[in-house]
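The structure appears below as C-alpha cells.
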Amino acid sequence: MADIQHINRQFGIPGVLSFGEGAGGLPVARVENGFAEAEIALQGAHLLTWQPKGEAPVIWLSPQARFAPGKSVRGGVPVCWPWFGVHASEASYPAHGFARTQMWDVIASSHDDSGTHIVFELRPDNTARGQWPQQYRLQLVVNIGAALSMGLVTHNSGQAAFSIGEALHTYFHVGDIGAVRVTGLEDTDYLDKVRGFDRFHQEGAVQVDSEVDRVYVDTAAECVIHDDHLGRRIHIAKTGSLTTVVWNPWAEKCAEMGDMGENGYRRMLCVESANAHDNVVTLQPGESRTMAVRYWVER
Ligand code: TA6
C-alpha cells in the first residue's frame, strides 16, 4: 500500500476528505461534509464512525476498541468476507474471513450533492491467498451523506465458480438496549446460535433482554431499529442480501470479551446485512454481485 501522504495527495478532496493517521497509527479516511462526519480505517475498509449533522452517532464504536495491525476493531462496520462466522473446515482461519483485517487500497474518491464517495479495493496478501486461493476483485463503495450507503462488490475474475459468505457486520448505537425493538423480521425463520443453531420462527418485533445471536434467513426486507430512548428510528435498507443477523452479547459475554467497554452491550445492537448459511452466494466466472445497504435516521 502506498504511504498515507501519497494517498492524501491522490484522493483527498480539500475541505471534505483527508487521509491521515488514526488511532493506533492505522491509516484512516476522514470525511466532513455538509451532511455528516465519518472515519474509515483502510485496514478492513472498516467504517468506524458516521454521525449525520445534528444527530447522535448512528454507528457504535466501543470506547475500549483496540486498534492494531491485523486485528479487527470492536464496533463500526466490519466487512466479513469471504466467509461468515467460523470457517467451515479450518478452525484456525480467522472468524468472519480475512477482509476485515487486511489493508485495502483507495482507488477513487469524489464529492457531489449526495455526499462524499470513496471506493476501496482489497488486494489480498499471501496469507489470504493461502486461505482462499480464488481469483477475484473485491470493492467497497462508500457514500457519506445524510444517509450512509455501502456496497460490497465481488467479481469472479477466475476460471472456476466460487461461493462466498459475507456481511456488513454493523454495530448500531442505541440509547439503551432495553428501549429498543427491531421490526422487519416478523414471520421469518432464524438459526439461533445461542441454541445450537436450531431453527425458530420470529413472530413479532425483535426485542433483546438476554444474549441474542440469530441468523435470519431468506429476509430481504428493510429493518427499522426503534429507539425510544434516543427518540429515533434507524432505517436499514438493503439489496443483494438475503440474510439478516441480529447480535447482542448481553452482560456476561460483554464482560468476558474485554474490548466492549463497561456495560457496552447496553448501547449497541448489531443488525447485519449478510449472505450466510442458507444464503451463501455462488459466482460463476466473470460474474459480479453487489450486496448494498443504506442507513438513515428518522425522528
Ligand atoms: O454476527 C454475530 C457474530 O458472529 C457473533 O456470533 C459474535 O461472536 C460476533 O459476530 C462478533 O464476532 P467477532 O469475531 O468480531 O468477535
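Numbering of ligands and ligand atoms starts at 1, following listing order. Since we're looking at a predicted model, the values are computed, not measured.
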Using heavy-atom distances only, which candidate in Arg100, Arg74, His169 approaches atom 14 (O) of ligand 1 most closely?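 Considering heavy atoms of Arg100, Arg74, His169, the nearest to atom 14 (O) of ligand 1 sits in Arg100.
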
Enumerate the atoms of ligand 1 whose separation from the nearest heavy atom of [X] is less than 4.0 angstrom.
X      : value
Glu272 : 1 (O), 2 (C)
Val245 : 1 (O)
Asp213 : 2 (C), 5 (C), 6 (O)

Nearest protein heavy-atom contact for atom 12 (O) of ligand 1: which residue, which atom, what distance?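 Protein heavy atom at minimum distance: His96 NE2, 3.7 Å.
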
Does Ser163 form a side-chain hydrogen bond (donor to acceptor under 3.5 Å, both in side chains) with Thr282? I'd like the steps, not just the answer. CA-CA 4 Å; Ser163 295; Thr282 299; 2.8 Å; yes

Is it the case that the ring center of [Y] lies less than 6.0 angstrom away from the ring center of [X]?
X      : Y      : answer
Tyr265 : Trp60  : no
Phe84  : His96  : yes
Trp132 : Phe162 : yes

Is the charged tip of Arg199 near the ring of Tyr190: under 6.0 Å from the six-membered ring centre and within 45° of its axis?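 Pair Arg199/Tyr190 does not count as cation-pi.
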
